[in-house]
*Asks:* 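One structure, pasted below without further comment.
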Amino acid sequence: MKALIAAAAVAALAGCMSAPQVDFSHADAQCSARCSTQYNECTSGFKLFPLVAQAHCNESLKVCAASCGATVVKD
């Protein structure tokens, strides 16, 4: 039973920390590609505290997207 509760908690938390949806359709192509590359590099590899790291990567993507003229559609 404990394993089931732990698995449900992990699944719930993982859903909370997905990438923000960003509309790059009106943004500069090179800038949006740079943002995407930086986000992929930020989220790859082992993280000691993955939820904290994901939150940091999400915020970095939002800032980068705003500098390109893109809009965040959904967090």
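Values below: every heavy atom of this structure, side chains too, minus hydrogens, waters and symmetry copies.
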*Asks:* Would you say Thr43 and Gln54 make side-chain contact, with heavy atoms under 4.5 Å?
*Replies:*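 In contact.
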*Asks:* Decide yes or no for Val22 and Leu61: does some side-chain heavy atom of the first lie under 4.5 Å from some side-chain heavy atom of the second?
*Replies:*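 Yes, side chains in contact.
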*Asks:* Please report the interatomic distance NZ(Lys47) to SG(Cys42), rounded to the nearest 0.5 Å.
*Replies:*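 It comes to 6.0 Å.
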*Asks:* Hey, does Phe24 have a side-chain heavy atom less than 4.5 Å from the side chain of Thr71?
*Replies:*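 The answer is no; the side chains never approach within 4.5 Å.
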*Asks:* How about Cys64 and Cys31: are their SG atoms under 2.5 Å apart?
*Replies:*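 Their SG atoms do not fall under 2.5 Å; no disulfide, then.
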*Asks:* Do you know which two heavy atoms are closest between Gly69 and Ala27, and how far apart they sit?
*Replies:*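 Result for this residue pair: C-CB, 4.4 Å.
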*Asks:* Taking side chain as C-beta onward, heavy atoms only, is Ser60 less than 4.5 Å from Gln38?
*Replies:*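 They are not in contact (no side-chain heavy atoms under 4.5 Å apart), so the answer is no.
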*Asks:* Quick check against the 3.5 Å criterion: does Asn58 have a side-chain atom that pairs as donor or acceptor with the backbone of Ser18?
*Replies:*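 Yes; judged by distance alone, with no hydrogens or angles, the pair exists.
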*Asks:* Return the minimal non-hydrogen interatomic distance between Cys68 and Ser32, and the atom names on each side.
*Replies:*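 The pair with the smallest heavy-atom distance is SG-N, 3.8 Å.
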*Asks:* Rounded at 0.5 Å granularity, tell me how far CG in Asp28 sits from CZ in Arg34.
*Replies:*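 So the CG of Asp28 and the CZ of Arg34 are separated by 9.0 Å.
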